[in-house]
Trainee: 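Right, I'll just put the structure down here and ask away after.
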2 protein chains.
Amino acid sequence: MIQVNVTLTETIRVLLDEKKYSTLRDILITMKPFDIAAVFEELQDEKTPILFRILPKELAADSFVEMDEETQEFLIHGFSDSELKEIVDELFVDDAVDLIEEMPANVVKRILRQADKETRRQINELLKYPEDSAGSIMTTEFISLRPDMTAEMAIKRIRRTGVDKETIYTCYVNDENNRLIGITTVKDLLLAEDDASVRDLMEENVISVHTLDDQEEVARIFSDYDFLALPVVDNEQRIVGIVTIDDAIDVIREEATEDIEKMAAVLPSDKPYMRTSVLGIYKKRVPWLLVLMLSATFTSTIISSFDAMLASVIILSSFIPMITGSGGNAGSQASVSVIRALSLGEIEFKSMFKVLWKELRVAALCGLTLATANFIKLIFFDLRGYDNAVIIALVVSLTLVGTIIMAKIVGSGLPLLSSKIGLDPAVMANPLISTVCDSLSLLIYFGVASLLLGL
Amino acid sequence: MIQVNVTLTETIRVLLDEKKYSTLRDILITMKPFDIAAVFEELQDEKTPILFRILPKELAADSFVEMDEETQEFLIHGFSDSELKEIVDELFVDDAVDLIEEMPANVVKRILRQADKETRRQINELLKYPEDSAGSIMTTEFISLRPDMTAEMAIKRIRRTGVDKETIYTCYVNDENNRLIGITTVKDLLLAEDDASVRDLMEENVISVHTLDDQEEVARIFSDYDFLALPVVDNEQRIVGIVTIDDAIDVIREEATEDIEKMAAVLPSDKPYMRTSVLGIYKKRVPWLLVLMLSATFTSTIISSFDAMLASVIILSSFIPMITGSGGNAGSQASVSVIRALSLGEIEFKSMFKVLWKELRVAALCGLTLATANFIKLIFFDLRGYDNAVIIALVVSLTLVGTIIMAKIVGSGLPLLSSKIGLDPAVMANPLISTVCDSLSLLIYFGVASLLLGL
């Protein structure tokens, strides 16, 4: 839920009841679209369409875009066709598409009926692109220039056509076949001499993405190169749209959230937590819980197959959680580092052996530290006055070394492998890895135990 | 490590050996700073200063900013004082500060000696701000206008002074006391009539941050409101600098990585994985591993205090990993959702009870599902033909319900509480929570067992 100063919403509700419309207008026009949207979300009552009509056209459209689907749908139902048309005309095409993707079919029909022919064509174009593709997040409204223009002509053109463009600051230079041959910025145009030609001003080696490229790739380009917008081209290198940085930022956050969710064995959701229903959350979480519970059968089987040993040295079973726990933690530390490095594009599969070698050395250091600390702890505290305390302490400590090393290798190796075979590394993350680590660490434990205790 | 087409680096190395400088220049000027930086990082040899001299001044500075500290330091050592001065003069102040914060003292001295008096003053200003504060990531170079200017005058001023500003697109309007009274954009100025006054064009309710505000707050504002730059003001509401969106994006990524690392019990590091030494990684990971290992003492104590029960019904011990595992997973699912929602500003402590109530219902659903699945599994497979299989199955299944509910409450509650008392919620995350859950789930387990089995 977006946080907003509640008292303000309350005031607005009161003013609305008292029909103090001009006062309301004065309040609203001082506010940012994001905050206006928050107010509408909090109000959620049959009066909101009236409140919406008070807003100036452009501010109304900008605020509308920021609202959640529920509120948008609620408002649309309150709109007359002509009101709906006004909004749709004000929206940037990519925002209109986002809206349409969220709305139920009957609402979509109404929206499309209101859009003028050209807008409808553009919307349908964009709707064709697969979710999470560059095409699906681009806008088709941008400034295009010809190489033979002068800076002055270019600026004139921008001033004439700029008003309904999402950004005017990056301009795209196309040849007569509409192929993208360069980009230039308003900054360059303004700082240049009036008669300088766009051809001389433009940057010729343009970085662009294809309509079908993954939006994650788009986001990475934005943060690697400090762009404000990125051109999207089709197979013929013709520019079909641009992705603006505000959309790129949304992608960066979504992708980070998705990684985090996957690492915690939650199926990714694109809805904010507070707006997701209990059932919705349940559906995202229970599958992994089931998978992991069942996979724990391995550990159970392993343990019960050693129950003779456990029965004779019952104390051994009390260290199981500590050992599996340490293994799980060590493994997830490694996996998370690798997964994040992968999704930030810092490493690739080809650096697999560099990574494993690094993790091996880290694991050795961590393992020895933990084993030493543990040995001392066991001798002087937990196993004090216990018969063959030293041997048991030795068993546990040696197991720790083995477990940590195994866990770091598994934790760093699995994500890299899954990236290689085209699986999402994040899915390989913590819980799955800890299940693998649990089983292996138990095998190490009982192996070492039967060796040293001769059981 | 930044990925770069190795063959290109190879070619450049060869051309460098053959002293083909004009060819090298032709290659380099077609490249983006980010990629040039990558080449320098891969080359890492005594010839790189020569290669660097080939670059045009501005491109040189832009590429220099993108390089890692090692490469930067390496190059600086190769620079003559006058060369160093050229770079420092080209750098934006905030980049110069980043550089200085990375470099060893002797290099810093050299850099500051080269900077002209004004730059040095600005740098020292910025160095005063605490790490992760808005002040520490802002630049002091921005376009400021007066309200009584006309659009035409404003554009003229921008064309005159814009060249060394990091962004010209957002302009800041100050009164005679340098207090920030409004902002306007080049877009508005260009699309307005020449004689329109800046006062009429400017947006008066400006969102700004204080120099000492946390950079995470800055990042959130950028993604809530689609700004390209955000003004930073001092206690007297005087504008002292601006944060540009490219820096905001870096913050967004850093913060996400930090959250992820903390959730996996890794102390956050600001260095890319592949550039961090083995010892560096070890230092980030071993503290938590130790803490968690020692805290596992609780679980051990609990188990050994019930060893009589385990000895008599040895099979019980084989379900311990499955139960603690499910608890841990359920807990981290909840904690991660809450932590992410907190750091995206979707929820606050005040919604604590909403959250707990939500998690309680989710937990009930998950718990029942798992318990049912588990009961069937035990009866028909694991415990087949076992004496009092049903009771044991019942023990395990009931424990699961209790554990899941407990885990979801702990997992969602702890992060919220720690955010309340000013601790970082992410630190409360998975491993710590799973340790708590482990102990509690064991208590539930043995409690239920002694009840139903009458032990």
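In what follows, chains are A, B, ... by sequence order, proteins preceding strands, each numbered from 1.
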Trainee: Do B/R340 and A/E258 meet the salt-bridge criterion of a basic N to acidic O distance under 4.0 Å?
Mentor: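 A salt bridge is absent here (no side-chain N lies under 4.0 Å from a carboxylate O).
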Trainee: Which pair of non-hydrogen atoms, one from A/P321 and one from B/I303, has the smallest distance, and what is that distance?
Mentor: CG-CD1, 3.3 Å
Trainee: Considering only heavy atoms, which portion of B/K156 lies under 4.5 Å from any heavy atom of chain A: side chain, backbone, both, or neither?
Mentor: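 Neither the backbone nor the side chain of B/K156 comes within 4.5 Å of chain A.
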Trainee: Going by distance alone, is a donor N or O of one side chain under 3.5 Å from an acceptor N or O of the other, for B/T276 and A/K358?
Mentor: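 Judged by distance alone, the side chains do not pair up.
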Trainee: Pick one of side chain, backbone, both or neither for B/D382, based on which atoms fall under 4.5 Å of a heavy atom in chain A.
Mentor: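 Side chain only.
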Trainee: Is it the side chain or the backbone of B/L290 that comes within 4.5 Å of chain A heavy atoms, both, or neither?
Mentor: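 Contact with chain A is through both the backbone and side chain of B/L290.
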Trainee: Hey, which of B/E204, B/R361, B/E255 has the most heavy atom pairs under 4.5 Å with chain A?
Mentor: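 Going by pairs under 4.5 Å, I would pick B/R361.
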Trainee: Considering non-hydrogen atoms only, spot the tightest contact between A/Y273 and B/E346 and give its length.
Mentor: N-OE1, 3.5 Å
Trainee: Work out which heavy atom in A/R253 is nearest to a heavy atom in B/S343; give both atom names and the distance.
Mentor: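 Where A/R253 meets B/S343 most closely, the heavy atoms are NH2-O, 4.5 Å.
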Trainee: Any idea which of A/D188, A/V186, A/I320 has the most non-hydrogen atom pairs under 4.5 angstrom with chain B?
Mentor: A/V186
Trainee: Under 4.5 Å from any heavy atom of chain A, what part of B/A330 do you find: side chain, backbone, both or neither?
Mentor: both
Trainee: Evaluate the side-chain proximity of A/I245 to B/L228: yes if any heavy-atom separation is below 4.5 Å, no if none is.
Mentor: yes
Trainee: What are the two closest non-hydrogen atoms of A/K377 and B/T297, and how far apart are they?
Mentor: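 Looking at all heavy atoms of both residues, the closest pair is CE-OG1, 2.9 Å.
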Trainee: Go through the atoms of A/I252 and report whether side chain, backbone, both or neither lie under 4.5 Å from a heavy atom of chain B.
Mentor: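 The side chain, not the backbone.
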Trainee: Do A/R159 side-chain atoms and B/L191 backbone N/O form a donor-acceptor pair below 3.5 Å?
Mentor: no
Trainee: Among B/M293, B/E359, B/M322, which has the most heavy-atom pairs under 4.5 Å with chain A?
Mentor: B/M293
Trainee: Say you draw a straight line from CG of A/L190 to CD1 of B/I158; how long is it, rounded to the nearest 0.5 Å?
Mentor: 7.0 Å
Trainee: Measure up the A/Y169 and B/Y169 rings against each other and bin them: parallel (under 30°), tilted (30 to 60°), perpendicular (over 60°).
Mentor: parallel
Trainee: I'd like to verify something: which residue of B/T299, B/L442, B/T369 has the highest number of heavy-atom pairs under 4.5 Å with chain A?
Mentor: B/T369
Trainee: So how far is it from A/S317 OG to B/F306 CZ, rounded to the nearest 0.5 Å?
Mentor: 12.5 Å
Trainee: Give, as side chain, backbone, both or neither, the part of A/A341 having an atom under 4.5 angstrom from any heavy atom of chain B.
Mentor: side chain
Trainee: Between chain B and each of A/D250, A/V355, A/I155, count heavy-atom pairs under 4.5 Å; write down the option with the most.
Mentor: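 If we count pairs closer than 4.5 Å to chain B, A/V355 comes out on top.
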Trainee: Would you indicate whether the side-chain heavy atoms of A/I281 and B/S337 approach each other to under 4.5 Å?
Mentor: no
Trainee: Shorter than 4.5 Å, heavy atoms on both sides: which option in B/V278, B/D226, B/V286 has the most such pairs with chain A?
Mentor: B/V278
Trainee: Which is it for B/T257 and A/L344 under the side chain to side chain contact (heavy atoms under 4.5 Å, CB included) test, yes or no, and what are the steps along the way?
Mentor: CA-CA 9 Å; B/T257 309; A/L344 290 184; 3.9 Å; yes
Trainee: Who wins among A/D307, A/D246, A/L289, A/I168 for the most heavy-atom pairs under 4.5 Å with chain B?
Mentor: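 Among the listed options, the one with the most contacts to chain B is A/L289.
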Trainee: At their closest point, which heavy atom of A/R285 faces which heavy atom of B/A334, and how far apart are they?
Mentor: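 For A/R285 and B/A334, the tightest heavy-atom pair comes out as NH2-CA, 3.7 Å.
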Trainee: Using modelled atom types only, decide if a donor and an acceptor are shared between the side chain of A/S300 and the backbone of B/S318 within a distance under 3.5 Å.
Mentor: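 Judged by distance alone, yes, a pair lies under 3.5 Å.
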Trainee: Report yes or no: does B/N205 contribute a side-chain atom to a donor-acceptor pair with the main-chain N or O of A/T30 at less than 3.5 Å?
Mentor: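 Answer holds: yes.
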Trainee: Is it the case that the side chains of A/T167 and B/K187 hold a donor-acceptor pair, with the cut-off being a distance below 3.5 Å and no angle test?
Mentor: no
Trainee: Heavy-atom distances under 4.5 Å only: say whether B/F227 touches chain A with side chain, backbone, both or neither.
Mentor: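 Only the side chain of B/F227 comes within 4.5 Å of chain A.
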Trainee: How far does OG1 of A/T301 sit from CZ of B/F381, to the nearest 0.5 angstrom?
Mentor: 12.5 Å
Trainee: Side chain, backbone, both or neither: which part of B/I302 has a non-hydrogen atom closer than 4.5 Å to chain A?
Mentor: neither
Trainee: Is there a side-chain contact between B/D35 and A/D224 in this structure, where contact means two heavy atoms from C-beta onward sitting under 4.5 Å apart?
Mentor: no
Trainee: Using non-hydrogen atoms only, which part of B/I249 is less than 4.5 Å away from chain A: side chain, backbone, both, or neither?
Mentor: side chain
Trainee: Please classify the contact of B/E203 with chain A as side chain, backbone, both or neither, using a heavy-atom distance under 4.5 Å.
Mentor: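 B/E203 touches chain A through side-chain heavy atoms alone.
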Trainee: Which bit of A/L370 is near chain B, if near means a heavy-atom gap under 4.5 Å: side chain, backbone, both or neither?
Mentor: both
Trainee: Looking at B/Y225, I want to see if its OH is surrounded by more than 12 non-hydrogen atoms of other residues, nucleotides or ligands under 6.0 Å.
Mentor: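 Yes.
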Trainee: Mind checking the CD-CG spacing from B/Q333 to A/L292? Nearest 0.5 Å is all I need.
Mentor: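 B/Q333 CD to A/L292 CG: 8.0 Å, rounded to 0.5 Å.
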Trainee: Tell me, side chain or backbone of B/I260 under 4.5 Å from chain A's heavy atoms, or both, or neither?
Mentor: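 Contact with chain A: backbone and side chain both.
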Trainee: Name the region of B/A363, side chain, backbone, both or neither, that has any atom closer than 4.5 Å to a heavy atom of chain A.
Mentor: neither
Trainee: Measure distances from B/I323 to the heavy atoms of chain A and classify the residue's part below 4.5 Å as side chain, backbone, both or neither.
Mentor: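 Looking at B/I323, nothing touches chain A.
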Trainee: Does any heavy atom of chain A fall under 4.5 Å from the side chain of B/D438, the backbone, both, or neither of them?
Mentor: neither
Trainee: Would you mind checking which part of B/T324 comes under 4.5 Å of any heavy atom in chain A, side chain (CB onward), backbone (N, CA, C, O), both or neither?
Mentor: neither
Trainee: Which residue out of B/I315, B/N374, B/I404, B/L310 racks up the most heavy-atom pairs below 4.5 Å with chain A?
Mentor: B/N374
Trainee: Go through B/K165, B/R160, B/K408 and name the one with the most non-hydrogen pairs under 4.5 angstrom from chain A.
Mentor: B/K408
